[in-house]
Amino acid sequence: MKVFKFGGASVNSAQAVSNMSKILKSHLDGNPLVVVVSAMGKTTNKLEQLVPGVKPAIEQRFILQELVAYHQEIVLDLIPNSEDPIYAQLDDLFAQLEQRCSLKPTDYNFDYDQVVSFGEIISTTIISHYLNSIGIKNDWVDVRSLIATDTNYREGHVDWQKTQENVDARFANLDSQLVVTQGFIAGTPYGTTTTLGREGSDYSAAILSYCLNAESMTIWKDVPGFLNADPKYFKNTVKIQQIPYNEAIELAYYGASVIHPKTVKPIQNKNIELHIKSFITPECEGSVIGPCRHIIPQTPLYIFKNNQVLLSIMPKDFSFIAEDNLQIIFGYLAQLGIRVNLMQNSALSFSVCIDNNPVLLPKLRKLLQANFKVRYNEGLQLITIRYYTQEIIDSIVGGRKILLEQRSRSTEQIIVKA
Ligand code: ASP
Ligand code: MG
C-alpha cells in the first residue's frame, strides 16, 4: 500500500486534475493506492470568509458564487456531459454549504470546521467521479469516518486507537485498488467535523500511512522537492536530496511550508519513507525524508512567516512576569487555539509572536486586557535561519529594524517589519 497526497495547487484546474490522473495511472501497478486530496486551489481561504460572523451576508453571497463558478468550470471541462449526475451532486453540496454558512455564529472554531471542510468534500467528489469516468476505478471514502478526533475544533487531536480500528474495518472491504479521500478533515464521536489545522492534509496522509503500514508516502507539490527556502521569497533555492526525520520535524515546526509540522512523527515511528515530488515533472527525483543521518546537501535553510503580530504583555499590577502570569496568558492562548510562533520574556513583559488572525486576535486582546497592558505591532515577518552565519543574517535583514531576536547554536530567529 502506498499513500499519495495531492495539495490544493495540484488540483486547482481541470488541467491539473487531468495531470494528476496521469500520475495515478502510471502508479497503478496492482498494488493498492490511497490518494489524499486537499480542497481545490485557494478554496480553503475563500471558505474561511464564509464562516458565520466573518463577513456580512452580501459579501458571503458573492464569495459563494465565486466558489460555485470556479468548481463548475472545472467540472464542465472534466465532464462535459451536463446530464452527468455529478452536476446534481455538486448543486446539492453547494446548497448544503449555503445553508451551513447562513446559520447564526456560535463557537468560531466549531463553525469554522463545519464550513471549511466542504472544500475537501467537494474536491474529492469531483475527482473521484472524474477518475471513474475515465476508467480509473476508485472508492470515494469519507475520511471523517476513518480519522477520529476529539472536539478540539480547528486542531483536532487524533484518537489513534479508534482511527486504527476504523481504518482496519474500512480497508478490509474495498471494491477497487484505489481510494480517494480527503485531507485536512476528520470526525468526532458526535458526528461533527473537525479539521487538523491549516495545511493539515499532509498530516492526514501521514495518519493513514501509519495506520495502513504504508510502504511509502508521497507528497506531490509544485516544487521539485524540499527546497532550502520558499521560492516565493527566495530566488536561488537549493533542492535538498535527503533529510533525516528529526531535521524535517524542526523545519516544519519553524514553518517550512513544504510539510505540515505534525506530518513526520507518525511516519518516523514506522520508518516509512516520505517522498516529496513535483507533479509538474513527476519523472524527476524529488526529496526523501527518512532514516538517514545527515541532510544532503549541507546548506543554510530559510523559513519566512508573514503577517505576524508581536504582542507585548505587561501585568497591570506591576508584578513580574512569572509562572502565575504566564499560566493565565497561556490559558487564553490555549482556549482560543492560538499557536505561538516565538516567545520571549523579561521581568516586566512577555512577548509572543502569533499569526494575525482577524477574529482571534481581538478576542485575545480582550481577554488579556483584564489583567494586562497589551501593546502590539502588526505587519511583521518572522525569519528563521538554520545553519546561519552572521553574513547571511545581515543580508537577509537588509538594514531593517529587528524587533526581536533569538539565537541557538543552529538556529537564528528574527522578527522584522515586513
Ligand atoms: N485545504 C486545507 C488548507 O488549505 C488543507 C491543505 O491543503 O492541506 O489548509
Ligand atoms: Mg496545501
Side-chain angles (χ1 to χ4, degrees), residues 3-13 16-17 20 34-51 54 63 66-67 70-71 74 93 97 101 108-109 111-128 142-144 146-147 149 152-156 158 180-187 193-209 217-223 226 230 232 248 252-253 255-267 274 276-277 279 305-307 337-339 355-357 359-360:
V3 175
F4 282 2
K5 181 260 173 169
F6 285 88
S10 65
V11 291
N12 66 0
S13 65
V17 174
M20 169 197 184
V34 177
V35 182
V36 174
V37 189
S38 299
M40 292 175 156
K42 302 274 176 228
T43 298
T44 307
N45 293 353
K46 291 242 162 93
L47 287 168
E48 285 184 333
Q49 313 285 306
L50 294 182
V51 178
V54 172
I63 296 165
E66 277 182 348
L67 275 178
Y70 170 65
H71 286 88
I74 292 177
L93 284 170
L97 170 61
C101 60
Y108 171 73
N109 292 341
D111 288 342
Y112 181 101
D113 287 357
Q114 311 321 303
V115 168
V116 166
S117 50
F118 273 92
E120 272 71 13
I121 296 293
I122 291 168
S123 72
T124 52
T125 301
I126 294 171
I127 288 164
S128 167
D142 188 333
V143 83
R144 293 172 296 185
L146 298 181
I147 301 180
T149 69
N152 190 43
Y153 295 104
R154 273 183 64 235
E155 183 117 37
V158 175
V180 174
T181 194
Q182 307 78 37
F184 184 47
I185 68 176
T193 302
T194 45
T195 61
L196 303 170
R198 283 304 307 263
E199 302 299 324
S201 296
D202 297 348
Y203 184 39
S204 308
I207 297 165
L208 295 175
S209 298
M217 167 175 157
T218 305
I219 300 179
W220 295 91
K221 306 224 29 136
D222 55 1
V223 286
F226 202 128
D230 187 332
K232 261 185 264 156
Y253 175 80
S257 59
V258 68
I259 43 171
H260 185 273
K262 289 183 182 168
T263 307
V264 183
K265 279 235 181 100
I267 292 290
L274 169 52
I276 298 174
K277 281 174 68 90
F279 59 78
K305 260 182 183 283
N306 286 331
N307 202 14
I338 296 177
R339 230 194 90 154
D355 294 347
N356 192 351
N357 180 313
V359 176
L360 296 176

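Counting starts at 1 for both ligands and their atoms, in listed order. Start at 1 with the first residue, then count along the sequence.
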(message) Under 3.5 Å, is there a donor on one side chain and an acceptor on the other for Asp113 and Thr194?
(response) no
By number and element, which atoms of ligand 1 are closer than 4.0 Å to a non-hydrogen atom of [X]?
{"X": "Arg198", "value": "3 (C), 4 (O), 9 (O)"}
{"X": "Ser38", "value": "6 (C), 7 (O), 8 (O)"}
{"X": "Thr44", "value": "1 (N), 2 (C), 3 (C), 4 (O)"}
{"X": "Ser201", "value": "5 (C), 6 (C), 7 (O), 8 (O)"}

(message) Is any side-chain heavy atom of Val359 closer than 4.5 Å to one of Val51?
(response) no
(message) What I'd like to find out is whether the side chain of Ile122 reaches to under 4.5 Å of the side chain of Thr125, using heavy atoms alone.
(response) no
(request) State which residues pass salt bridge (charged side-chain N to carboxylate O under 4.0 Å, His left out) with Lys277; sequence neighbours excluded, sorted by chain then number. (result) none
(message) So, taking the atom named CD1 in Ile185 and the one named CZ in Phe118, what distance separates them when rounded to the nearest 0.5 Å?
(response) 10.0 Å
(request) Would you please name every residue forming a side-chain contact (heavy atoms from CB on, under 4.5 Å) with Ser209, sequence neighbours left out? (result) Val3, Ala214, Met217, Ile267, Ile272
(request) For ligand 1, find out whether one of its N or O atoms is nearer than 3.5 Å to an N or O atom of Glu199. (result) yes
(message) Contact between ligand 1 and Glu120 is defined here as a heavy atom of the residue under 4.0 Å from a ligand atom; is it met?
(response) yes
(message) With the threshold set at under 4.0 angstrom, would you say Gly200 reaches ligand 1 through any of its heavy atoms?
(response) yes
